[in-house]
Amino acid sequence: MMEWGEILSSTEVIAAKGFPKNEIRHVTNNSGQVKEGSLFVAIAGLKVDGHNFINEAVAKNAAAIVIEDSRFASDEYPWVRVQNTRKALADLSNAVYGFPSARLNVIGVTGTNGKTTTTNLIATVLEDAGHKTGLIGTIHNRIGTEIIPVSHTTPEAHELCELFLTFVDKGASYAVMEVSSHALVLQRVRGTEFDVAVFTNLTQDHLDFHENMEKYLEAKGRLFSELGTKNKKQRRKFAIINNDDQYAGALTDMASVPVITYGIKNDADVKAESIEFKPQGVFFVLRYTNKVLPIQLKMTGLFNVYNALAAIAVGLIEGIPAEDLIASLERVNGIPGRFEKVEQGQEFTVIVDYSHTPDSLENCLRTARQLTDGRIITVFGCGGDRDRKKRPIMGEKAGRLSDFCVVTSDNPRSENPQAIIDEIIPGLKKTTKPDSFIEIVDRREAIYRAISEARPQDVVIIAGKGHETYQIIGTEIIPFDDRQVASEALRNRR
Ligand SMILES: Nc1ncnc2c1ncn2[C@@H]1O[C@H](COP(=O)(O)OP(=O)(O)O)[C@@H](O)[C@H]1O
Ligand SMILES: [Mg+2]
């Protein structure tokens with residue numbers, strides 16, 4: 001086990017007093033998880049201040065307390081004061097757990113859209129090539145088929161270290177991770193040694209959190225600018241960048257390691273050409289160096305061509321033959337809640353998709369248009385307690401790209417669901433006629449209505465929740481699965 005002095009030297013300490021009461025084996029910022037041997041790190045969050053839980057942590061036998069607020073320096077317990085406890089949580093966790101990310105090849109995927117799909121595709125190609133791989137993402141964390149539960153969509157720094165350790169213990173040589181900009185700003189991946197960083201795209205999302213695009217870019221860019229500054233593994237590191245995105249140049253400039261580009265429109269190292277949308281999925285020709293190879297995906301949508309290209313670029317860097325990468329990707333049926341079909345033998349198409357941003361909704365609806373000459377009926381809403389600016393924009397896009405819309409609730413949280421809808425409607429009114437949309441607050445009723453509207457050839461898009469199996473109304477988490485509700489509505493229709 002590590003010496004106290006050694007643990008402390010991993011972070012910037014302003015002042016400290018006392019020795020740990022017992023040997024440190026565990027780090028947490030959650031007083032509920034404190035046990036003997038825990039280092040409790042008090043973080044002042046948006047809703048609660050961890051400093052107020054120090055007494056609880058001490059009562060539960062915490063070994064020592066890390067604070068930011070000097071008023072909590074007390075003779076009652078051993079403490080360490082730092083400038084920023086979020087940073088300290090990451091630094092101390094990495095020290096206590098022995099820098100587990102240095103024992104894996106770590107691939108991070110960042111960008112507004114496509115992270116879950118791309119990480120899943122990367123994990124698939126690595127696994128098919130015989131590398132045991134841990135996956136950290138929105139749907140779940142897993143190694144092979146084993147699911148490893150954690151509390152957050154993006155684990156906190158200490159949970160991330162614990163996950164990496166679990167992966168190492170289970171024999172993984174790779175970890176593939178979705179890296180949100182929140183995770184970067186909130187220091188959750190501080191101390192994680194990434195080897196490959198992938199950029200999908202950058203569009204409006206979470207702007208309430210990041211104020212403006214420049215800051216958002218800076219947040220995403222950290223993954224690229226910090227790549228290569230640590231290298232415990234002595235392996236070559238790479239940035240993989242979507243060259244069709246308007247921020248590709250800025251990120252390429254920020255990258256401190258060699259860049260591999262992928263894309264469709266602009267010049268790129270790994271390129272898709274001759275794209276064709278077929279009933280069985282999307283077809284394209286892969287071109288890189290002097291190779292030209294056809295590939296037929298079961299997944300559809302132009303965006304999945306980008307996601308597949310990113311996975312191919314990673315696979316090529318990791319030394320997997322292109323033929324094997326293609327064979328792996330051609331077998332993938334799809335990712336849960338990502339343009340997922342709901343089939344009950346009906347004569348029209350029903351799709352559940354996780355798109356809940358203006359850009360991903362637009363992509364989703366454009367993809368749907370490629371599938372049919374019939375109408376597009378869209379069920380959507382916007383989350384409560386989240387970026388309000390996107391509401392009318394999503395209304396505008398849905399109105400422009402659909403034939404009929406049912407505006408409903410999507411995790412209203414503490415907000416009044418009707419008030420959220422009221423902010424979506426002005427956008428819809430800009431792009432479509434008043435008889436081309438209705439408002440139905442109850443999501444189940446909204447899905448039933450959309451499905452009862454559908455005629456043969458139509459496509460019903462149920463956007464927003466994807467794989468989620470709940471809806472958050474007020475402070476309650478109510479079981480709700482769009483796929484189940486849609487299946488039920490389809491069965492009841494007949
Ligand atoms: N590369 C992409 N570019 C734009 N939109 C995408 C891309 N990949 C997926 N999407 C859309 O965004 C939705 C969310 O995709 P997902 O892979 O879950 O991304 P994320 O994890 O970044 O939210 C998908 O259902 C699809 O509609
Ligand atoms: Mg995701």
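For ligands, and for the atoms within them, numbers begin at 1 and follow the listed sequence. In what follows, residues are counted from 1 in the order of the sequence shown.
In this structure, Glu396 pairs ionically with Arg400, as a charged nitrogen and a carboxylate oxygen lie closer than 4.0 Å. With salt bridges taken as basic N to acidic carboxylate O contacts below 4.0 Å, one links Arg444 and Glu488. Salt-bridge annotation for Lys132 and Glu127: absent, with no side-chain N of the basic residue lying under 4.0 Å from a carboxylate O of the acidic one. The pair Lys291-Glu323 meets the salt-bridge criterion, with a side-chain N (NZ, NE, NH1 or NH2) lying under 4.0 Å from an Asp/Glu carboxylate O. A salt bridge links Glu423 to Arg391: at least one charged side-chain nitrogen sits closer than 4.0 Å to a carboxylate oxygen. Lys397 and Asp359 are not joined by a salt bridge, as no carboxylate oxygen comes within less than 4.0 angstrom of a charged side-chain nitrogen.
Leu316 contributes atom CG, which lies 11.0 Å from atom CZ of Phe238 (distance to the nearest 0.5 angstrom).
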Test log, rule side-chain hydrogen bond (donor to acceptor under 3.5 Å, both in side chains), inputs Asp353 and Ser355
CA-CA 6 Å; Asp353 188 73; Ser355 46; 2.6 Å; yes
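In this structure, Asn242 has no heavy atom closer than 4.0 Å to ligand 1.
Under a 4.0 Å criterion applied to the non-hydrogen atoms of Asn201, ligand 1 contributes the atoms 1 (N), 2 (C), 3 (N), 4 (C). Atoms of ligand 1 found under 4.0 Å from any heavy atom of Tyr354 (numbered from 1 in listed order, with element): 18 (O), 25 (O). Near Asn363, meaning under 4.0 Å from any of its heavy atoms, are these atoms of ligand 1: 3 (N), 4 (C), 5 (N). Within ligand 1, the atoms closer than 4.0 Å to a non-hydrogen atom of Glu178 are 21 (O), numbered from 1 in the order shown. Ligand 1 places these atoms under 4.0 Å from at least one heavy atom of Thr112: 22 (O). Applying the 4.0 Å criterion to heavy atoms of Ser360 picks out, from ligand 1, the atoms 11 (C), 12 (O), 27 (O).
Considering backbone and side-chain atoms together, Gly114 places an N or O closer than 3.5 Å to an N or O of ligand 1. Taking only nitrogen or oxygen atoms, main chain and side chain alike, Thr200 does not reach within less than 3.5 Å of ligand 1. For His356, no nitrogen or oxygen atom sits less than 3.5 Å from a nitrogen or oxygen atom of ligand 1, counting backbone and side chain alike. Taking only nitrogen or oxygen atoms, main chain and side chain alike, Lys115 reaches within less than 3.5 Å of ligand 1. Polar contact check, Asn304 against ligand 1: no nitrogen or oxygen pair lies under 3.5 Å apart.
The number of heavy atoms from other shown groups lying within 6.0 Å of CG (Asp169) is above 12. The environment of CZ in Arg413 is crowded: more than 12 heavy-atom neighbours from other residues, nucleotides or ligands sit within 6.0 Å. The environment of CZ in Arg369 is crowded: more than 12 heavy-atom neighbours from other residues, nucleotides or ligands sit within 6.0 Å.
For Thr116, the nearest N, O or S atom to the Mg ion (ligand 2) falls under 2.8 Å. The distance from the Mg ion (ligand 2) to the nearest N/O/S atom of Tyr354 is not under 2.8 Å.
Checked against the Mg ion (ligand 2), the N, O or S atom of Glu178 at the shortest distance is OE1.
Comparing Thr117, Asn307, Asp353, Asn113 against atom 8 (N) of ligand 1, the shortest heavy-atom distance belongs to Asn307.
Nearest protein heavy-atom neighbour of atom 18 (O) of ligand 1: Arg338 NE, 2.6 Å. Protein heavy atom at the shortest distance from atom 7 (C) of ligand 1 is Phe303 CB, 3.4 Å.
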